[in-house]
Amino acid sequence: MPTSDKNYIKELPLGRMRSLTICACASRTFIDKNKVATIAAAAKKAGMKVELVADLCELCETKDKKVGEIAQTTIIACHSRAVKSLIAFAARQASESCQYIDLRSQSVEEVLGLLGIDADDSADAEEWRQQIADFPKKLGEDAWYPTLDKDACAECGKCLEFCPFGVYEMVDDRITVTHPHHCKNNCPACARQCPTSAIIFPKYDRSPINGGKELQEKAIRLDSKELYGEVLRQKLIERRGSIFRS
């Protein structure tokens, strides 16, 4: 993959450039929804086919057949490394041909520039804002799970040994995310154990864990016994709550 989104986009076939999929990440706030609406409106005005999805992570978690269609468009979403790993997880055969624009770290002007659209060419974004507002919000329950950058993964198995939730399995000597729905929402602990930063949580707030290139968070090694203790504590709280409700 080229070293920058700008160089990568220059190589896109014209037909691919005309069909866009934009993730609104409806249940999270780290992506400005007005930014999403503005880009969608400008692209539509420029004659492009634009589709918003509420949560690309959710579609990939369930391996929705729609992901294969999305992979044939230019995807405007999180950091490119994160989106590439998501598509590889959900539609492996399409991952190499998929194209990405980083919505998370680039401005409206930068994204539109990559699409060849004049940022000063204003368009009414109200329709898109309403569509985003109508998306269901799953606060605390939205799709959260790790994906793997297989170009960086050393297949060491530390994540498999560390995770108490059974998210990972070793299949044919390769680490796989087999049970993404087992992951505990907002827990990126396994990524902090990875010696090659191959584990990505797209919705995390700091890189490189979220797939970004900056080193915003140094590795924090957690004791697995400490994590197991926290899991047991949470289970006891849940059990007590169910007893009192019954």
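When a residue number appears, it is its place in the shown sequence, counting from 1. Side chains included, hydrogens not; waters and symmetry mates left out as well; all remaining heavy atoms used.
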Can any side-chain N or O of H182 pair as donor or acceptor with the backbone N or O of F165 at less than 3.5 Å?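 Flag set: sc H182 to bb F165 pair under 3.5 Å.
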Measuring from atom CG of D118 to atom CD of E109, what distance do you get when rounded to the nearest 0.5 angstrom?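 Answer rounded to 0.5 Å: 10.5 Å.
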Hey, is the main chain of D102 close enough, under 3.5 Å, to the side chain of Q106 for a donor-acceptor pair?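 Judged by distance alone, yes, a pair lies under 3.5 Å.
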Taking the side chain as every heavy atom from C-beta outward, state whether L86 and P202 have any pair of such atoms under 4.5 Å apart.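 When only atoms from C-beta onward are counted, P202 and L86 do touch, with a gap below 4.5 Å.
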Grab the two heavy atoms, one from A40 and one from L52, that are nearest each other, plus how far apart they are.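 Heavy-atom minimum between the residues: CB-CD2, 4.2 Å.
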Kindly compute the distance separating CD1 (I101) from CG (L114), expressed to the nearest 0.5 Å.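 Between I101 CD1 and L114 CG, I get 5.0 Å after rounding to 0.5 Å.
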Using a strict 4.0 Å threshold on nitrogen-to-oxygen distance, state whether K84 and D151 make a salt bridge.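 Judged by the 4.0 Å cut-off on N to carboxylate O distance, K84 and D151 do form a salt bridge.
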Within-4.5 Å side-chain heavy-atom neighbours: Q130 and W128: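 When only atoms from C-beta onward are counted, W128 and Q130 do not touch, as no gap falls below 4.5 Å.
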Nearest heavy-atom pair of P136 and S27: which atoms, and what distance?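 Residues P136 and S27, closest heavy atoms: O-OG, 4.0 Å.
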For the student: nearest non-hydrogen atoms of T147 and A82, plus distance: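 Scanning both residues, the minimum pair turns out to be OG1-O, 4.4 Å.
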For the residue pair P146 and Y168, establish whether any side-chain heavy-atom pair is separated by less than 4.5 Å.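 Contact flag for P146/Y168 side chains = yes.
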So do the side chains of C187 and F201 get within less than 4.5 Å of each other, counting heavy atoms only?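 SC-SC contact between C187 and F201 ruled out.
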To the closest 0.5 Å, what do you measure between CG (D32) and OG (S107)?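 Those atoms lie 11.5 Å apart.
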So, applying side-chain hydrogen bond (donor to acceptor under 3.5 Å, both in side chains) with K203, which one of D55, N186, N210 is it?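 Looking at D55, N186, N210, the match for K203 under the side-chain hydrogen bond (donor to acceptor under 3.5 Å, both in side chains) is D55.
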Begin with the C-alpha distance, continue with both residues' side-chain angles, and end with the deciding distance and a verdict on side chain to side chain contact (heavy atoms under 4.5 Å, CB included) for Q99 and I75. CA-CA 6 Å; Q99 316 288 351; I75 302 175; over 6 Å; no
Does one side chain, of S19 or T73, offer a donor that lies under 3.5 Å from an acceptor on the other?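 No.
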Atom CG of D173: over 12 foreign heavy atoms under 6.0 Å: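 No, because the 6.0 Å sphere around CG of D173 holds 12 heavy atoms or fewer from other groups.
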Can you confirm whether V50 sits close enough to I22 that some side-chain heavy atom of one is under 4.5 Å from a side-chain heavy atom of the other?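 When only atoms from C-beta onward are counted, I22 and V50 do touch, with a gap below 4.5 Å.
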Determine yes or no for a side-chain-to-main-chain donor-acceptor pair under 3.5 angstrom, with K213 supplying the side chain and S207 the backbone.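 Judged by distance alone, no pair lies under 3.5 Å.
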Could you check K138, K66, R28, K63 and say which one makes a salt bridge (charged side-chain N to carboxylate O under 4.0 Å, His left out) with E58?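 The residue from K138, K66, R28, K63 that satisfies salt bridge (charged side-chain N to carboxylate O under 4.0 Å, His left out) with E58 turns out to be K138.
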Nearest-0.5 Å distance, CG of residue D142 to CG of residue N185: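 CG of N185 is found 5.5 Å from CG of D142.
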Under-4.0 Å salt bridge between R174 and E169: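 Not counted as a salt bridge, because no side-chain N and carboxylate O are separated by less than 4.0 Å.
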How close do Y204 and P188 get, counting heavy atoms only, and between which atoms?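 In terms of heavy atoms, the two residues are closest at CE1-CG, 3.5 Å.
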What distance separates I39 CD1 from L20 CG, expressed to the nearest 0.5 Å?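 If we round to the nearest 0.5 Å, I39:CD1 and L20:CG are 9.5 Å apart.
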I'd like to know whether the aromatic ring centres of F89 and Y145 sit less than 6.0 Å apart in this structure.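 Yes: the rings meet the under 6.0 Å criterion.
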Going through the distances and angles, do K49 and R18 end up as a side chain to side chain contact (heavy atoms under 4.5 Å, CB included)? CA-CA 6 Å; K49 180 182 178 181; R18 307 303 292 182; over 6 Å; no
Is any side-chain N of the basic residue among E126 and R129 closer than 4.0 Å to the acidic one's carboxylate O?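 Looking at R129 together with E126, the answer is yes, because their closest N to O distance falls below 4.0 Å.
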Could you walk me through whether I199 and C159 pass the side chain to side chain contact (heavy atoms under 4.5 Å, CB included) test, one step at a time? CA-CA 9 Å; I199 298 174; C159 52; 3.6 Å; yes
By the definition side-chain contact (heavy atoms from CB on, under 4.5 Å), identify the one residue from C190, C163, C194, P195 that meets it with K158.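 Only one option passes, and that is P195.
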CG of L148 to CD1 of I200: how many Å apart, nearest 0.5 Å?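 L148 CG to I200 CD1: 8.0 Å, rounded to 0.5 Å.
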Note, M170 side chain near I175 side chain (heavy atom, < 4.5 Å):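 M170 reaches I175 side chain to side chain.
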Considering only heavy atoms from C-beta outward, does the side chain of T74 approach that of T21 to under 4.5 Å?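 SC-SC contact between T74 and T21 ruled out.
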For C23 and V36, work out which heavy atoms get closest and say how close.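 Shortest heavy-atom separation between C23 and V36 comes out as O-CG2, 4.2 Å.
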On a heavy-atom basis, which atom in K137 and which in A133 lie closest, and how many Å separate them?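 Between these two residues, the closest heavy atoms are NZ-O, 3.1 Å.
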With the side chain counted from C-beta on, respond yes when T178 and V167 share a heavy-atom pair under 4.5 Å apart, and no when they do not.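 No. Closest side-chain heavy atoms not under 4.5 Å.
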